[in-house]
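Contents: one structure, followed by commentary.
Worth saying up front: this structure is predicted, and the values here are computed from it rather than measured. One-based numbering, in listed order, for ligands and for the atoms of each.
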Amino acid sequence: MTSFDCIVIGGGHNGLVAAATLAKTGRRVLVLEAANEVGGAARTEEFAPGFRTSSIAHLLNRLHPDVVKTLELEKHGLRFNRADFVPSVALSRDGPALMLHGAYGEVLTGASPTEQSAWKALRAQLLRYAGILKPFLSRRPPDLAGVSLLEAASLGQAALGLKKLGKEDMRDFLRVLLMNVADLLDEQLEDIRLKGLLAFDATLGSHLGPRSPTSLLGLYYRLAGEAGGMAGAQIVPQGGMGAVIAAIRASAEKAGVSIRVSSPVTRIIVEKGRAVGVALDTGEEMRARTIVSAINPATTFLHLIGPREIDTGFTRKVKNIRMKGDAAKLNLALDRPPQFTGVDATGHKGRLVIAPSPDHVERAFNPSKYGEFSPEPVMEITLPSLADPSLAPDGACVLSAVVQYAPYALKQGWNVGKPKFREAVMAQLEAYAPGVGKSVVHAELLTPADIETRYRMPGGHWHHGELQADQMLVSRPVSGWSGYDTPILGLFLGGAGSHPGGGVSGAPGLNAARRVLAMKG
Ligand SMILES: Cc1cc2nc3c(=O)[nH]c(=O)nc-3n(C[C@H](O)[C@H](O)[C@H](O)COP(=O)(O)OP(=O)(O)OC[C@H]3O[C@@H](n4cnc5c(N)ncnc54)[C@H](O)[C@@H]3O)c2cc1C
């Protein structure tokens, strides 16, 4: 039987980050990935002959700076600067689009002067408040049972951040923290296009509408992330998200990590309450002192371990993690670039959002509560081949769209519902980019159910578990076990289902590795 210091289950970006961080300390680390390539939901793949795209995640906006530094990703070819930041475009069916340029709207165009100054004030406030949450992303949530000296120091830092706000801002921060995003937007802005865009951003990847309590947290989560050193910046990576994975993988391999693909783990071997190894579907077994599971927490405990090794209370908590996704992915191969109404060339290279008002987003959300898809879905579109022509044949174009709301548990079933949902999505696209339908050479629509099967993401969920107030921080993945360790000694969690959540950040993987290193003294 082969043995390692550490086995990482899952070669998604978090698994690779955890593995690289551990291997850099001289440990022998093995990554086991079920699929035939690493990257999880952050891969670039060919979806039609000659057309490649980021199959699922397509925008980089929260790769954690500690990950970039620890893995020396710049040395491995991942370097971004201001010129790579793409604007957000709030599309309009019949008028000019409104655009947020730079790092999340340093400059707003297409709106009235009054709206521009209202946005300037709101943007500064949002970034200030999101900044308070930032230090929490790169460390364990505080252990409420006994705060260690180190944790006390980091909590102190966050408290200092709050204090720096000043009395009035601090009061306002606490007032708005758990508000719904629609109410906050109504307090401060007028333009429904801008409000629609922000309402979309706050709810993307979650089972919330803009009027759901706490929906504003989603906007803070987004703005606590950064790209190229700027909070709120977003990048459509050249080569697709797979290029980010290639850099992370190169760093892991340079540190000595062994990677095995096409190796699904079917069991975590537990002896006397301690994880000592894993078994593959071939029956092969491998041993290690430490196992990091960088896959979904429910899969880890309910399928790879099973109830015999864990107490019923913990099993119940894991079963209760909500993780039914609402986001679908549409990848279109087009024979020519589409023309969105009221958008210039810069806008077409940006992130085009169909969410014409907060009410529209709310109405799109409503059916999903009852297991139905939205007849007028909201979506975020990129045209990655405009900046990177290698992704499509000459003159052709790739359109990549994340579409909401498409509930995982569709009442009529996705076999029946998928063609109807595709029609609804295409009709919506056609309304904003007339003629796009006629240029489609191939369409790939992945519902949350497809994403679950193809990428082994239960519920097809963006965060491997809803990222709402009751499933965040000390309650992520379940209350009492938020610090990457688990009831099984030697087993740690390190995927998006753990704090701070999903998105291509690498933070859960990095934090998990740091926890393992701290445990070993
Ligand atoms: C529709 C959609 C759009 C999104 N868009 C964006 C976006 O634009 N930007 C962004 O930042 N984020 C986006 N996300 C979120 C992002 O994709 C995820 O949060 C992120 O990929 C999670 O990374 P991970 O490494 O934790 O898990 P994953 O990416 O899920 O990787 C887990 C890996 O583990 C492997 N695995 C699973 N089970 C086993 C097993 N038993 N044995 C071995 N290996 C196993 C899987 O094959 C997979 O490779 C999107 C998500 C969705 C659903």
**Item:** Cation-aromatic face contact Arg62/Tyr221, 6.0 Å, 45 degrees
**Value:** yes
**Electrostatic pair Glu72:Lys24 at N-O distance under 4.0 angstrom** = yes
**Item:** Ile56 neighbourhood, listing ligand 1 atoms whose heavy-atom distance to it stays under 4.0 Å
**Value:** 1 (C), 2 (C), 3 (C), 51 (C), 52 (C), 53 (C)
**Asked** Has ligand 1 got any nitrogen or oxygen that is less than 3.5 angstrom from a nitrogen or oxygen of Arg62?
**Response** no
**Prompt:** Less than 4.0 Å between a side-chain N and a carboxylate O, is that true for Lys329 and Asp450?
**Reply:** no
**Request:** Run down the list Gly10, Gly325, Gly460 and name the one with the heavy atom closest to atom 53 (C) of ligand 1.
**Result:** Gly460
**Request:** Would you mind telling me if ligand 1 is within reach of the side chain of His463, the backbone, both or neither, using heavy atoms under 4.0 Å?
**Result:** neither
**Asked** Which of the numbered atoms in ligand 1 are below 4.0 angstrom from a heavy atom of Gly502?
**Response** 19 (O)
**Message:** Check this for me: does any side-chain nitrogen of one of Arg249 and Glu253 sit under 4.0 Å from a carboxylate oxygen of the other?
**Reply:** yes
**Request:** Run the salt-bridge test on Asp5 and Arg28 with the 4.0 Å N-O cut-off and return the result as yes or no.
**Result:** no
**Prompt:** Under 3.5 Å, N or O to N or O, is His461 touching ligand 1 that way?
**Reply:** no
**Item:** Carboxylate-amine/guanidinium proximity below 4.0 Å for Arg287 and Glu271
**Value:** yes
**Prompt:** Which atoms of ligand 1 sit under 4.0 Å from any heavy atom of His464?
**Reply:** 27 (O), 28 (P), 30 (O)
**Prompt:** Below 3.5 angstrom, do we get any N/O pair linking Asn14 and ligand 1?
**Reply:** yes
**Prompt:** Any ion pair linking Lys324 and Glu466 (charged N to carboxylate O, less than 4.0 Å)?
**Reply:** no
**Item:** Residue and atom name of the nearest protein heavy atom (relative to atom 29 (O) of ligand 1), distance in Å to one decimal
**Value:** Ala41 N, 3.0 Å
**Prompt:** Would you say the side chain of Thr203 lies within less than 4.5 Å of the side chain of Phe365, judging by non-hydrogen atoms?
**Reply:** no
**Request:** Answer yes or no: is there an ion pair linking Arg514 with Asp66, defined by an N-O contact shorter than 4.0 Å?
**Result:** yes
**Asked** Given that the side chain starts at C-beta and the backbone is N, CA, C, O, which of these parts of Ile295 lies under 4.0 Å from ligand 1, counting heavy atoms, or is it both or neither?
**Response** side chain
**Item:** Taking every non-hydrogen atom, the tightest pair across Cys397 and Pro338
**Value:** SG-CD, 3.9 Å
**Atoms of ligand 1, numbered as shown, that sit under 4.0 Å from any heavy atom of Gly40** = 29 (O), 31 (O), 48 (C), 49 (O)
**Asked** When only distance counts, is Glu33 in polar contact with ligand 1, meaning an N/O pair under 3.5 Å?
**Response** yes
**Item:** Atoms of ligand 1, numbered as shown, that sit under 4.0 Å from any heavy atom of Met457
**Value:** 30 (O)
**Request:** May I ask you to decide whether Lys418 forms a salt bridge with Glu444, counting only side-chain N to carboxylate O separations under 4.0 Å?
**Result:** no
**Message:** Quick test of your reading of the model: are Arg260 and Glu284 salt-bridged, counting only N-O distances below 4.0 Å?
**Reply:** yes
**Prompt:** Considering only heavy atoms of Leu32, which atoms of ligand 1 have at least one such atom less than 4.0 Å away?
**Reply:** 43 (C), 44 (N)
**Item:** Salt-bridge criterion met for Arg52 and Glu45 (N-O under 4.0 Å)
**Value:** no
**Item:** salt_bridge(Glu106, Arg82) N-O dist < 4.0 Å
**Value:** yes
**Prompt:** Can you find an N or O of Ala496 that's nearer than 3.5 Å to an N or O of ligand 1?
**Reply:** yes
**Prompt:** Are any of the N or O atoms of Ile451 closer than 3.5 Å to those of ligand 1?
**Reply:** no
**Item:** Protein contact to atom 42 (N) of ligand 1 [nearest heavy atom, distance to 0.1 Å]
**Value:** Val265 N, 3.0 Å
**Request:** Please confirm whether Gly15 comes within less than 3.5 Å of ligand 1 when only nitrogen or oxygen atoms on both sides are compared.
**Result:** no
**Prompt:** Among protein heavy atoms, which sits nearest to atom 18 (C) of ligand 1, and what does the distance come to when rounded to 0.1 Å?
**Reply:** Trp462 O, 3.3 Å
**Prompt:** Do any nitrogen or oxygen atoms of Gly503 come within less than 3.5 Å of a nitrogen or oxygen of ligand 1?
**Reply:** yes
**Message:** What I want to know is whether Lys329 and ligand 1 share at least one N or O pair that is separated by under 3.5 angstrom.
**Reply:** no
**Prompt:** Hey, does His13 come in under 3.5 Å of ligand 1, counting only N/O atoms on both sides?
**Reply:** yes
**Prompt:** By number and element, which atoms of ligand 1 are closer than 4.0 Å to a non-hydrogen atom of Arg456?
**Reply:** 37 (C), 38 (N), 47 (O)
**Asked** Atoms of ligand 1 less than 4.0 Å from Gly495 heavy atoms?
**Response** 26 (O)
